[in-house]
Protein chains: 2
Amino acid sequence: MFDERDREVLCAIVQSYINNPDPVGSRFITRKYAFSLSSASIRNIMSDLEEMGFLRQPHTSAGRVPTDKGYRFYVDYLCSHEQQYDNRAFFNEITRELESIKNDIDVLLSETTKRLSNFSHYLGVALSPKSGSATFNRITLLKHRRNHVVTVLFTDEGLVRNKVVDVDFDLTQRDLNRIASYLNSEFYGYNLNDIRTKIVREMSEEKILCDTLISRAIRICREVLSSPSGNIFISGFSEVLGLPDFSDVEKIKEISRAMEDKHLIIKLLDKFSESAKDEVQVIIGSENSLAGMKGFSIVAATYKEGSRPVGSVGVIGPTRMDYSKTIAMVDIVSKFITKVIEGK
Amino acid sequence: MFDERDREVLCAIVQSYINNPDPVGSRFITRKYAFSLSSASIRNIMSDLEEMGFLRQPHTSAGRVPTDKGYRFYVDYLCSHEQQYDNRAFFNEITRELESIKNDIDVLLSETTKRLSNFSHYLGVALSPKSGSATFNRITLLKHRRNHVVTVLFTDEGLVRNKVVDVDFDLTQRDLNRIASYLNSEFYGYNLNDIRTKIVREMSEEKILCDTLISRAIRICREVLSSPSGNIFISGFSEVLGLPDFSDVEKIKEISRAMEDKHLIIKLLDKFSESAKDEVQVIIGSENSLAGMKGFSIVAATYKEGSRPVGSVGVIGPTRMDYSKTIAMVDIVSKFITKVIEGK
DNA sequence: ATTAGCACTCTCCTGTTGAGAGTGCTAATT
DNA sequence: AATTAGCACTCTCAACAGGAGAGTGCTAAT
């Protein structure tokens, strides 16, 4: 009911449509892909494939177009992930130009998404490491004007975060040192999420409320940890505008709305980093469940710190996407970032 | 040759066109603006205005449309800058929601541009303070893993900047303290630009080369100052897409290209902050000289630190822009940011 | 100086038509 | 039994023509 020949036809149709967004007809297939079959036979096969839900017709007497289910089958069973020439060039550029940026993860991610979108012609996206699971190493407090404290937080993973915190009391540098060393002894080795919940729990305890030093320390620490966790990077909008899929204003509005709603994309990418699979993952069109992302696919992977995935990176593009090329690229990028983070 | 009546007609045409992007005809003017003249007379006046270069016709037998020169005259002499209801709402939202963000200038600017674009329906843009003219107050160096130093730079203006610097030598925290105190004594009170040039000059001097402490100090300091200076914030792309001016794909591509070329916009805004005028400034369409910004106008102003302008904020939109409203908004915003920076 | 009247121009919408591409079905062929 | 040739049918798209609508410029009258 679904033999080798059917697969070949489906594959040909998907590939042809990816190359060029015109519905593909039976005659075109016979000519271009040199099947030893007539167009009439292809028509029969296509009709079967349509009934099985892999293809659909935009209208009677147009050719066929893959459905999301069709793409899914293509990605899972048909497309080869072999590296192409393009990808080698991509790999070279990435490693050559970006390897030196290792101190500022945000710059690294932003530059990487830029290259990713340049080479793929889709939207490059990345989520910066979730600091929640990072491990507290130490904190330094520096006096800055009256009522302002500069905090510098170090994690075991090498993350450094600073923030200016308002305090409603005037403190000397000596006070700050005492507060810092309290925090350091108290929280060393915990991960930041645990510290956050620990603080909430302890806030109400009496011993905290009585001791001004401790209560001040806790308050400062809470401020530091309240910072937004995941930064998102998106780039390549003008790349996407060049695609024929976006020759229509409505389509453009759609994707730009999706882009501005960074919240949703963050959630989406978060899912990737939670499901700690090792491979590149693909979400196609309506599999996505998110309204406003109907016509788009996402190819993403996580990058890791040690063996723990801490963030994700990927590509958003139309469902009519060059999956094999894109998957290979995302694979390269995620591994590259992992490598850089771990300091080689 | 250009009397009161001509002005009134020009004003009516510009306003009508701003409301609604249809070429405006003579009959429409007489009906809508209740001139005590017939459409024929209006036609004569319009013909004169066209000859003077304030109006043009998209094609014979369409109505008239303002030229850049027409907008310029409107902005300089005709439009009233009175506050409208909208602006008060805008002012309230800005002050209520953003006054508390004063420690992180970048967050402040990014949030402000968001509101600005929301209310204006154009692109909100802002340039973060040029740190070059800020005054060195002190620097703190903290050890971070081997070969990495976290630097925290304080300026008199309250700016705090941190950066992780690679060093090719291993140092104890005590060494770092000595280096920091050398830098502090050496550079206290200078502005960052001067320090940068000073470093370049001194790098070659012998005494520097001999003394390892000093040479290391200088090297670290150079790294710190090499950071990118002006950050740019742009927001509101999806706002802009809703405007009838961008119902055409080509137009959308144009503005998105202009947006991606952040370099150019930075240059442009830089000009604003240099020409230290106190008012909101307007650049209309081709006055801009920048290719790729032909159909766009820029309304911008500087925000200040003391009396010195340090950055700029504004709006980019189609030449067919509601100038009086936008100018009022940019005025509010620039004054608001100035106020917040100076800590009220 | 102003205006009514009119011929003219240009856009935009609508309907028509014909070419082209592709399908599904049936009957013939292998 | 699978494949294919042939054909009628459907749908899109581009080109074209006509007509309504809006606006102008000019001239002659007020």
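Labels below follow one simple rule: chain letters A, B, ... track the order of the sequence lines, proteins then strands, and each chain is numbered from 1. Since the model is a prediction, treat every value here as computed from it, not as a measurement.
Closest to the A/Arg5 side chain, of the nucleotides C/dT3, D/dT3, D/dT4, is D/dT3.
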Reading nucleotides 16-30 of chain C from 5' to 3' and marking B where a protein heavy atom lies under 4.0 Å of the base, S where only the sugar-phosphate is that close, and - otherwise, the string is -----BBBB------

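Counting heavy atoms of neighbouring residues, nucleotides and ligands inside a 6.0 Å radius, atom NE2 of A/His59 exceeds 12 of them. For B/Glu93, the CD atom counts as densely surrounded, since its 6.0 Å shell holds more than 12 non-hydrogen atoms of other residues, nucleotides or ligands.
Donor-acceptor pairing under 3.5 Å is lacking for the side chains of A/Ser16 and A/Tyr33. Between the side chains of A/Ser238 and B/Glu260, a donor-acceptor pair is found at a separation under 3.5 Å.
Rounded to whole angstrom, the span from the CG atom of B/Asp48 across to the P atom of C/dT2 amounts to 11 Å. Rounded to an integer number of Å, the gap from A/Asp22 CG to D/dC13 P is 10 Å. Residue A/Asp6 contributes atom CG, which lies 14 Å from atom C1' of D/dA2 at whole-angstrom precision.
A close approach under 4.0 Å does occur between a side-chain nitrogen or oxygen of B/Ser41 and OP1 or OP2 of C/dT3.
Searching all strands for a Watson-Crick or G-U wobble partner of C/dG22 with both distances below 3.5 Å returns D/dC9. The partner of D/dC16, taking Watson-Crick or G-U wobble pairs whose two distances both stay under 3.5 Å, is C/dG15.
In this structure, B/Phe237 and A/Phe237 have perpendicular ring planes: the angle between them is above 60°, well past the 30° mark.
The residue among B/Ser36 and B/His59 whose nearest nucleotide of DNA chain C is located toward the 5' end is B/Ser36.
Note that B/Lys32 lies outside the cation-pi zone of B/Tyr17, set by a 6.0 Å cut-off to the ring centre and a 45° limit from the axis.
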